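Worksheet: one structure, shown below.
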2 protein chains.
Amino acid sequence: MLKYQAIAEDLRQKITQGTYQPDDQLPLTSELEKIYHASKMTIKRALDHLESEGLIVKRRGSGTFVKGLAMNDLDKLIRHSRSQLFGMSKVYAGHAVTSKVRVFEIVTAPKEVKTQLRLNHETFVYRIVRVRLLDGTPFSLETSYMPIFLIPNLRRQHAEQSIFSYIRDSLHLKIQSAHRIVRVRGANSQESAELHIASDSPVAVVQETYFLASGIPFNYSVTTHEPKHFALETVIID
Amino acid sequence: MLKYQAIAEDLRQKITQGTYQPDDQLPLTSELEKIYHASKMTIKRALDHLESEGLIVKRRGSGTFVKGLAMNDLDKLIRHSRSQLFGMSKVYAGHAVTSKVRVFEIVTAPKEVKTQLRLNHETFVYRIVRVRLLDGTPFSLETSYMPIFLIPNLRRQHAEQSIFSYIRDSLHLKIQSAHRIVRVRGANSQESAELHIASDSPVAVVQETYFLASGIPFNYSVTTHEPKHFALETVIID
DNA sequence: GAGTGGTCTAGACCACTAT
DNA sequence: TAGTGGTCTAGACCACTCT
């Protein structure tokens with residue numbers, strides 16, 4: 001683990017454990033330099049991370065302070081910021097997230113998929129449709145496309161567990177970033193049936209394109225979320 | 001303007017103007033150092049910004065590349081990343097964003113508002129309800145609360161224009177960050193009337209708390225968005 | 001092995017806040 | 001005016017990719 005990450009992690013813990021409480025002032029950067037035997041830039045970087053997670057506020061001329069939120073909210077921010085690029089599995093720690101695979105097939109990439117994944121020629125892609133459940137209750141319906149030449153040997157069994165784990169742990173590929181668009185509309189008949197909601201009931205539609213560290217998009221997915229459990233939290237800085 | 005911002009801005013332009021095209025490799029960091037007479041760290045910082053906007057991809061050992069997206073998408077990313085903390089006004093450049101003020105009053109802060117704005121005692125807050133229109137068509141209904149002791153002398157006229165402009169330009173306060181939660185539900189009767197949609201039509205509900213550079217929350221708002229024009233885009237890194 | 005970007009440092013100097 | 005965090009530098013060393 002990198003030094004600035006370790007420092008951020010340590011401060012994060014001290015905030016959740018109450019060593020530093022909401023509205024408390026953190027030690028001065030000059031003091032943090034001594035505490036962690038790090039340079040000014042490294043300390044700044046660690047603090048920048050915590051700031052982008054919404055945990056602290058820096059005031060030039062005054063000091064650095066824990067954001068004045070309920071501990072509950074601070075906890076939520078931490079859990080949330082760690083799960084940005086991963087499945088829902090981490091957000092719902094303590095709950096069982098499972099999947100029912102409805103479709104697992106290989107097709108030639110449809111037009112929208114070709115565009116999103118920047119495929120110029122006819123290309124075979126997995127088409128995977130899954131219902132995701134939280135403690136047995138369905139909360140989302142996901143349709144996902146991945147080129148087979150990028151993600152070889154994917155099996156139905158992986159889709160039942162975590163596709164991302166397979167990509168990271170078995171293929172040793174790094175997921176670097178994602179573009180996400182959230183929209184709203186009424187549920188269609190399949191969605192209402194799978195998510196146990198009235199037809200035309202409001203749903204959140206999340207369209208995502210995931211990129212590998214190489215910059216290549218490898219996954220295009222459209223996920224429909226049942227309204228009751230859907231909540232997308234973000235912290236905006238600057 | 002800071003050096004790393006100027007460098008980022010210059011590269012951003014070169015990307016939109018096509019000097020560097022999608023999938024092109026940018027000059028090496030060592031070359032950028034010479035071009036901009038800047039140190040490695042400063043170049044890195046500029047590139048980090050562009051990366052967090054989703055415009056470029058860095059590959060250790062290989063180089064830095066423009067993300068392989070349609071120019072159209074790159075443009076969208078740029079416009080979007082600049083408008084994170086501002087009103088919708090900038091996203092819809094070229095279109096007229098106007099407001100109709102439905103309520104402009106001062107009330108004692110309701111419970112939820114007291115919680116979100118961390119008010120311990122009875123406190124007077126503005127309660128402002130606005131319909132926002134794009135080229136004359138309503139797209140959102142916003143209810144906004146701000147303590148009068150933080151934002152003095154706010155007038156109905158400011159709410160008809162831009163409240164944030166008043167805060168920044170007249171009060172000289174800096175808006176530093178915001179926490180945002182997006183949810184989905186059916187429209188109530190007021191929303192359906194104001195937004196010209198069927199009752200129970202799906203709407204996006206965006207709940208936001210804005211913070212000043214001092215770390216103090218000064219604005220709590222709940223905005224209901226008509227589904228057709230609502231699209232919230234995000235880039236997730238790391 | 002040659003070449004890429006990443007981390008970290010020590011220190012100069014700047015911008016802002018408080019008193 | 002003293003003290004805070006911010007920017008920027010020059011350079012050492014590290015991690016990764018490609019051949």
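Proteins get letters first, then strands, A, B, ... in listed order; numbering begins at 1 in each. These numbers come from a predicted model, not from an experiment.
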* For A/I43 and for B/G63, find the nucleotide of DNA chain C with the closest heavy atom, then tell me which residue's nucleotide is more 5'. => B/G63
* To do: Ignoring backbone atoms, test whether A/T64 places a side-chain nitrogen or oxygen under 4.0 Å from the OP1 or OP2 oxygen of D/dG5.
  => yes
* Structure fact -> A/Y4 atom OH is separated from C/dT9 atom P, nearest whole Å, by 13 Å
* **Atom-pair distance (CD on B/Q5; C1' on D/dC8), nearest Å** => 13 Å
* Structure fact -> To the nearest angstrom, the CG-C1' distance between A/L50 and D/dG5 comes to 15 Å
* Asked: What's the verdict on side-chain hydrogen bond (donor to acceptor under 3.5 Å, both in side chains) for B/S177 and A/K67, showing C-alpha distance, side-chain angles and the deciding distance?
  -> CA-CA 11 Å; B/S177 67; A/K67 231 179 203 175; 3.1 Å; yes
* Asked: Quick one: is B/S39 getting a side-chain N or O under 4.0 Å of the D/dA10 phosphate, OP1 or OP2?
  -> no
* **Earlier contact from the 5' end, DNA chain D, for B/M41 and A/L26** => A/L26
* Check the distance between C/dT17's P and B/H172's NE2 and give it to me in whole angstrom. => 13 Å
* Looking only at side-chain N and O atoms, does A/T29 come under 4.0 Å of OP1 or OP2 in D/dT4? -> no
* Structure fact -> Result for 5'-nearest mapping on DNA chain C, choosing between A/S62 and B/S30, is B/S30
* Expressed in angstrom and rounded to an integer, what is the separation of A/R60 atom CZ from C/dC13 atom P? -> 17 Å
* To do: Specify the separation, in whole Å, of atom CD of A/E33 and atom C1' of C/dC8.
  => 12 Å
* For the pair B/K34 and B/E31, find out whether any cationic side-chain nitrogen is under 4.0 Å from an anionic carboxylate oxygen. => no
* Kindly check if the number of other-residue, nucleotide or ligand heavy atoms within 6.0 Å of CD (B/E122) is above 12? => no
* **N/O (side chain, B/K40) to phosphate O (OP1/OP2, D/dT9) under 4.0 Å** => no
* Asked: What's the closest nucleotide to the B/R45 side chain, out of C/dA18, C/dT9, D/dT7?
  -> D/dT7
* Asked: From C/dC8, D/dT9, D/dC16, pick the nucleotide closest to the side chain of A/L2?
  -> C/dC8
* At under 4.0 Å, does any side-chain N or O of B/R59 touch on OP1 or OP2 of C/dG5? -> no
* Does A/K3 have a side-chain nitrogen or oxygen under 4.0 Å from the phosphate oxygens OP1 or OP2 of C/dT9? -> yes
* Out of C/dT4, D/dG6, D/dT9, whichever nucleotide has its closest atom nearest the side chain of A/K58 -> D/dG6
* Give me the ring orientation class for B/Y166 and B/H158: parallel if the planes are under 30° apart, tilted from 30 to 60°, perpendicular past 60°. => parallel
* Mind checking whether B/Y145 and B/Y220 have parallel, tilted or perpendicular rings, split at 30° and 60°? -> parallel
* In whole angstroms, how far is the C1' atom of C/dG5 from the CD atom of B/E31? -> 13 Å
* To do: Write down the distance between NE2 (A/H49) and P (C/dC8), rounded to a whole number of angstrom.
  => 11 Å
